[in-house]
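Contents: one structure, followed by commentary.
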Protein chains: 4
Amino acid sequence: MTKSKVAKPGPKRSRQPEVTRRNILDAALVEFAEKGLAGARVDEIAARSGSNKRMIYEYFGNKDGLWLFVLERAYEKMREEEHAIDVARMKPEDGMRYLMEFNFKFCSRNPEFIALLNAENLHKAGFLRNSKKIRELYTPLLAVITDLLERGAKEGVFRKGVDPVEMYITIAALGFFYFSNVHTLSTIFGRNLLGQKSQKTRLDHSIEVVLGYLRP
Amino acid sequence: MTKSKVAKPGPKRSRQPEVTRRNILDAALVEFAEKGLAGARVDEIAARSGSNKRMIYEYFGNKDGLWLFVLERAYEKMREEEHAIDVARMKPEDGMRYLMEFNFKFCSRNPEFIALLNAENLHKAGFLRNSKKIRELYTPLLAVITDLLERGAKEGVFRKGVDPVEMYITIAALGFFYFSNVHTLSTIFGRNLLGQKSQKTRLDHSIEVVLGYLRP
Amino acid sequence: MTKSKVAKPGPKRSRQPEVTRRNILDAALVEFAEKGLAGARVDEIAARSGSNKRMIYEYFGNKDGLWLFVLERAYEKMREEEHAIDVARMKPEDGMRYLMEFNFKFCSRNPEFIALLNAENLHKAGFLRNSKKIRELYTPLLAVITDLLERGAKEGVFRKGVDPVEMYITIAALGFFYFSNVHTLSTIFGRNLLGQKSQKTRLDHSIEVVLGYLRP
Amino acid sequence: MTKSKVAKPGPKRSRQPEVTRRNILDAALVEFAEKGLAGARVDEIAARSGSNKRMIYEYFGNKDGLWLFVLERAYEKMREEEHAIDVARMKPEDGMRYLMEFNFKFCSRNPEFIALLNAENLHKAGFLRNSKKIRELYTPLLAVITDLLERGAKEGVFRKGVDPVEMYITIAALGFFYFSNVHTLSTIFGRNLLGQKSQKTRLDHSIEVVLGYLRP
DNA sequence: GATGAATGAGTGTTCATTCAT
DNA sequence: TATGAATGAACACTCATTCAT
């Protein structure tokens, strides 16, 4: 186990700040999502990133700073995808269906996002509240929902007077909760709710609940 | 085991195993709910409990063991309250309304339960899966929902063919998600969603969603 | 939020891995020899080494790992010195005399070695058995003894048919036991057996026992 | 010490001070011999003894006090057995043979004694030195050896001028060392030295060494 | 005399963070 | 910019010992 004193040539000194930064963020996302803020290990993030601890402190100040960056990045990603949604020309019912499917599937393929949000809620959104960046990322989904509800009501296919914020929360809940609690639910019901079939059944039911409710 | 004495230990050496045990569990519930498993501190739990660390290890083996006990106790508590629900003689619609209200308000007044469940899901329900005790506590709510759906369908006030498990998840989601994500949602929407008014609005909306969906 | 930390200067960050490592091993040897494995304190070793606890775990994994390294090093040291012995050209009787003296004096000036071996025997050689390194360090003394016995027998100055392994154990015993039990023996006999004179008397006697036995 | 009572304590509350005392000492001997003073656990001793910790402190003051009692008892036992030796009427050579066999076999069947003595030497015989009781138990073996050497010399079968104390140490060494270091030796030589055959070979060799040396 | 709950000072180990190179 | 050795505070957990019953 004797370590040589010879100065090592440095096998992978990348000297690519942006790459290093991104590698750290990627590694941190995984680690934080797996273990939460308190459970995550800076050493582990450094190892996973292929970089080293010093760089984490260089770029992000400290563990908490890194957490904030990861959180901001996760929100950005979601918002970017949400922006891609265009239901303006869809029929209200189709639009709502599409939108719920998007939300459901986003949760399905981004379990880290779920974990991150739950952790952030554990901290009473302390980081989020201090992030100007995130507060500015007002969810565009709300605008889309508002538009759909208004058009639906005007066309007589949706009931009137539905509050868009409540509708938003309901839609979010129907997707998020399932994946957020999938392990405890699977355990209690004795089924693997992450299976393809279970997910489809769940999505169909959710859509039916919302559309059933919206019908006048 | 005498439980006649008050929970607060005397000046020193109270010598009441059951009381000590309970005090530790109470303190642990608070600490775990506030900081999660990794973030919780055994020292802090000991201090809060008015006892000392050694007793924690005496009664619960280690931190993980304590976590499991706290989790089991939280589930038990919920199940006990659920058992008290009797909607057998209510009209299906009233029963459903009552049941949703119960679920919503349980989440509202037991934020620790929310935090605990989220943390347990972070661990992929690893503890839950190993707890025979909890697995046996099959949620009685499911039976109640099944009964309501059947009676409602028979009486023609509810649509037919609704899967009780899906219905259960939907109801749970509509209550749990709101309180689970209340801090991030409050931050993003810039309102205090924990206010009485917001809660009432939310509950009313949720009930309306479910009943609107169920109407044939 | 995660941990409150204050930056302290720290007077000496030597940054010399090999030196740090060695300092730890040196300190550990003393501490282990003085108090055994269970009685030794990692804190104490860190303090004596002039380094800190974290480095111990960095280099040796844990207390047991450190013990193993110390043990291995002690064996290596003995083996190195043993290698320096060259009795090939000495007359058998002189060679045997020299060899016993070496063994006796090695024990005399390496009391830590004695303590270490006794502790390891308390653990039923559990660490030794798992150390590939040590098992490979087959004692060269045995080869030397074998050669002496053979030459002596051939030359007619030593009795024939003496088992080298038994001879080895006898020689080892006559040196090791004295120093291993010197404190209890001194107490019981009411003399300081560590004195120069006592040691000389003892060595002379031991040599005489072996040579007396070996004479045909 | 009354030995009339049966060793088995009652199901609970035995109210037999002497029995409790003895059970504790028995348990402590095993625990101390297995793990040394520092490594032994008071809890474990209490559990093994079938009694409880309070009694240990009642009877022996503290852990160190218990150690001293165990040590004294071990010495007493050895001295009692040594007293049973009667070689006064044996021929010197037979006497010496018998005595070495006794010593060897005593070590063989009392490994706890070995462990205890080694531990005590680790502490530089600190406890022994403070035990008036033990210091008074001057080894009777020495007298026996002196007698044998004198008779042997007078009869012309043993060499003259052999120091009895040196002879005592040599004999002790030849028995004690083998069992004291049996695990490390077994590991290094790759044989189980505790086997019947190995022991016999060893004893025969030891006797031959001493007798070979003593012959004029 | 006996029991076992209670205690506080450790004890090995891990962590986020800093600094020399 | 990059590296990884170094640090001390904290962490989970253990121990000998005491005390109420």
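Proteins get letters first, then strands, A, B, ... in listed order; numbering begins at 1 in each.
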Which heavy atom of [X] sits nearest a heavy atom of [Y], and at what distance?
X        : Y        : result
A:Ser51  : A:Thr20  : OG-CG2, 3.6 Å
C:Ala115 : C:Ala33  : CB-O, 3.3 Å
A:Asn121 : B:His183 : OD1-N, 3.1 Å

Verify the contact: side-chain N or O of [X] to OP1 or OP2 of [N], cut-off strictly under 4.0 Å; return yes or no.
X       : N      : answer
A:Arg41 : E:dA16 : yes
A:Thr20 : F:dT1  : no
C:Ser51 : F:dA6  : no

Report the residues that fulfil side chain to side chain donor-acceptor pair (under 3.5 Å) with [X], sequence neighbours left out, ordered by chain and then residue number.
X       : value
B:Arg73 : B:Asp26
D:Glu58 : none
A:Glu72 : A:Ser131
B:Asp64 : none

Exercise. Does D:Lys53 get its side chain close enough to the base of F:dT17, under 3.5 Å, for a donor-acceptor pair?
Worked result: yes
Exercise. Base, sugar-phosphate, or nothing for D:Ala38, non-hydrogen atoms under 4.0 angstrom?
Worked result: nothing
Exercise. Just checking A:Ala46: base, sugar-phosphate only, or nothing, at a heavy-atom cut-off of under 4.0 Å?
Worked result: nothing
Partners meeting salt bridge (charged side-chain N to carboxylate O under 4.0 Å, His left out) with [X] (sequence neighbours left out):
X        : value
B:Lys124 : none
B:Glu31  : B:Lys35, B:Arg48
B:Arg129 : none
D:Lys63  : none

Problem set entry | Runs of at least three Watson-Crick or G-U pairs with DNA chain E, cut-off 3.5 Å | E:2-21 with F:2-21
Exercise. Which pairs pass ring-ring contact (aromatic ring centres under 6.0 Å, His included) with one or both residues in residues 28-60 of chain D, sequence neighbours excluded?
Worked result: D:Phe32-D:Trp67, D:Phe60-D:Phe69
In whole Å, I'd like the distance from the [atom1] atom of [X] to the [atom2] atom of [N].
X       : N      : atom1 : atom2 : value
C:Arg21 : F:dA6  : CZ    : C1'   : 16 Å
D:Glu44 : F:dA16 : CD    : C1'   : 15 Å
A:Glu18 : F:dT1  : CD    : P     : 11 Å
D:Asp43 : E:dA6  : CG    : C1'   : 13 Å
B:Gln16 : E:dG4  : CD    : P     : 18 Å
A:Asn23 : F:dT1  : CG    : P     : 16 Å

For this session: Taking only heavy atoms on the protein side, list every residue of residues 115-122 of chain C lying under 4.0 Å from any atom of DNA chain F, sorted numerically.
Result: none
Exercise. Taking DNA chain F as the partner, which of residues 55-71 of chain B come within under 4.0 angstrom of it by heavy atom?
Worked result: B:Tyr57, B:Asn62, B:Lys63
Seminar exercise, completed: Result for 5'-nearest mapping on DNA chain F, choosing between B:Arg54 and C:Asn52, is C:Asn52
